[in-house]
Amino acid sequence: MMENLQQLADELAIRALADKFSDAANRKDGEMFQTLWAEDGVWRIGAPVNQEFMGKAGMGESLERMLGLWDFFVQLTTSGVILIEGQTAYARFYVQEIARAKEGGKGNFNLSMYEDELIKKDSKWYFKQRIYHTIYQDAPEIRGQLIEVPVLPTNIRERTFN
């Protein structure tokens, strides 16, 4: 019974980590993004981008630089599967993304998959390796009105919900 509860707690924590990844990316919050990674973390983005980022220290800056090219960027994490083996886990999460370039207003729409390796350290899960695979990509014209999202505290507990 206790083992099943721990399995469930670990799975929920890993799902929350994937959600925090999308939240940090959507808000271009490099500081929060960096906290999601193991010290020797690796983030690989496959075709057509083909970039690799290594080490926790530079992850936040890499995210901000890359997403700084977009007028807006929204990533939605959808379904996923998780396999936990002790202090290591493997997962696949599917994501949908939409963005618009700052220059020229060209749009971007992706359906993609993340292939993850995670590690648990001090009772907390971190991304050790996250590989992004594009399944479908389109460049539609996105001409709609951009309405800025308010800047929210990084720590959601600081937020007051009325």
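The figures here come from the full heavy-atom set of this structure, side chains too, leaving out hydrogens, waters and symmetry mates.
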Atom pair [atom1]/[atom2] of [X] and [Y] - distance to nearest 0.5 Å:
X	Y	atom1	atom2	answer
Asp29	Thr35	CG	OG1	8.5 Å
Asp19	Ile14	CG	CD1	12.5 Å
Leu146	Lys102	CG	NZ	10.5 Å
Glu31	Leu63	CD	CG	12.5 Å
Met54	Ser62	CE	OG	11.5 Å

### Query
Do the ring planes of Phe109 and Tyr136 sit parallel (below 30°), tilted (30 to 60°) or perpendicular (above 60°)?
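Judged by the thresholds at 30° and 60°, the geometry between Phe109 and Tyr136 is perpendicular.
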### side-chain contact (heavy atoms from CB on, under 4.5 Å) partner of Asp71, the single match among Lys106, Glu103, Arg100
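The passing option is Arg100.
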### Under 3.5 Å side-chain donor-acceptor pair for Asn108 and Gln137
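There is such a pair between these side chains.
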### Message
Could you go through Glu3 and Leu5, starting from their C-alpha distance and side-chain angles, then the distance that decides it, and tell me whether this counts as side chain to side chain contact (heavy atoms under 4.5 Å, CB included)?
### Response
CA-CA 5 Å; Glu3 185 177 306; Leu5 288 176; over 6 Å; no
If two hydrophobic side chains count as joined below 4.5 Å and joins carry through other members, does [X] share a cluster with [Y]?
X	Y	answer
Phe73	Phe33	yes
Trp70	Ile142	no
Val49	Met59	yes

Is the backbone N or O of [Y] less than 3.5 Å from a side-chain atom of [X], with the two atoms forming a donor-acceptor pair by type?
X	Y	answer
Gln87	Ile119	no
Asp10	Gln7	no
Thr78	Tyr94	yes
Lys120	Tyr126	no

### Query
Taking everything shown except Glu61 itself, do over 12 heavy atoms lie less than 6.0 Å from its CD?
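12 or below, so no.
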Are [X] and [Y] within salt-bridge range, i.e. N to O under 4.0 Å?
X	Y	result
Asp23	Arg27	yes
Asp116	Arg92	no
Lys128	Glu117	no

#### Entry: Stepwise side chain to side chain contact (heavy atoms under 4.5 Å, CB included) check, Phe72 with Ile98
CA-CA 8 Å; Phe72 76 89; Ile98 188 167; 4.2 Å; yes
Is the closest side-chain heavy-atom distance between [X] and [Y] below 4.5 Å?
X	Y	value
Glu52	Val42	yes
Glu85	Leu83	yes
Leu17	Leu118	yes
Leu76	Ser22	no
Met113	Val95	no
Tyr114	Gln75	yes

#### Entry: Closest non-hydrogen atom pair between Ser112 and Tyr132, with its separation
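Reported closest heavy-atom pair: OG-OH, 2.7 Å.
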### Task
Identify the two heavy atoms, one from Arg130 and one from Ala18, that lie closest to each other, and give their separation to 0.1 Å.
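Of all heavy-atom pairs spanning Arg130 and Ala18, the closest is NH2-CB, 4.0 Å.
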### Task
For Arg44 and Gln129, run side chain to side chain contact (heavy atoms under 4.5 Å, CB included): C-alpha distance rounded to whole Å, both residues' side-chain angles, the deciding distance at 0.1 Å, then the answer.
CA-CA 8 Å; Arg44 289 190 181 100; Gln129 179 172 262; 2.5 Å; yes
### Query
Are Phe127 and Trp37 close enough that their ring centres sit under 6.0 Å apart?
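So the answer is yes for these two rings.
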### Trace of the side chain to side chain contact (heavy atoms under 4.5 Å, CB included) decision for Phe93 with Ile82
CA-CA 9 Å; Phe93 287 99; Ile82 300 168; 4.0 Å; yes
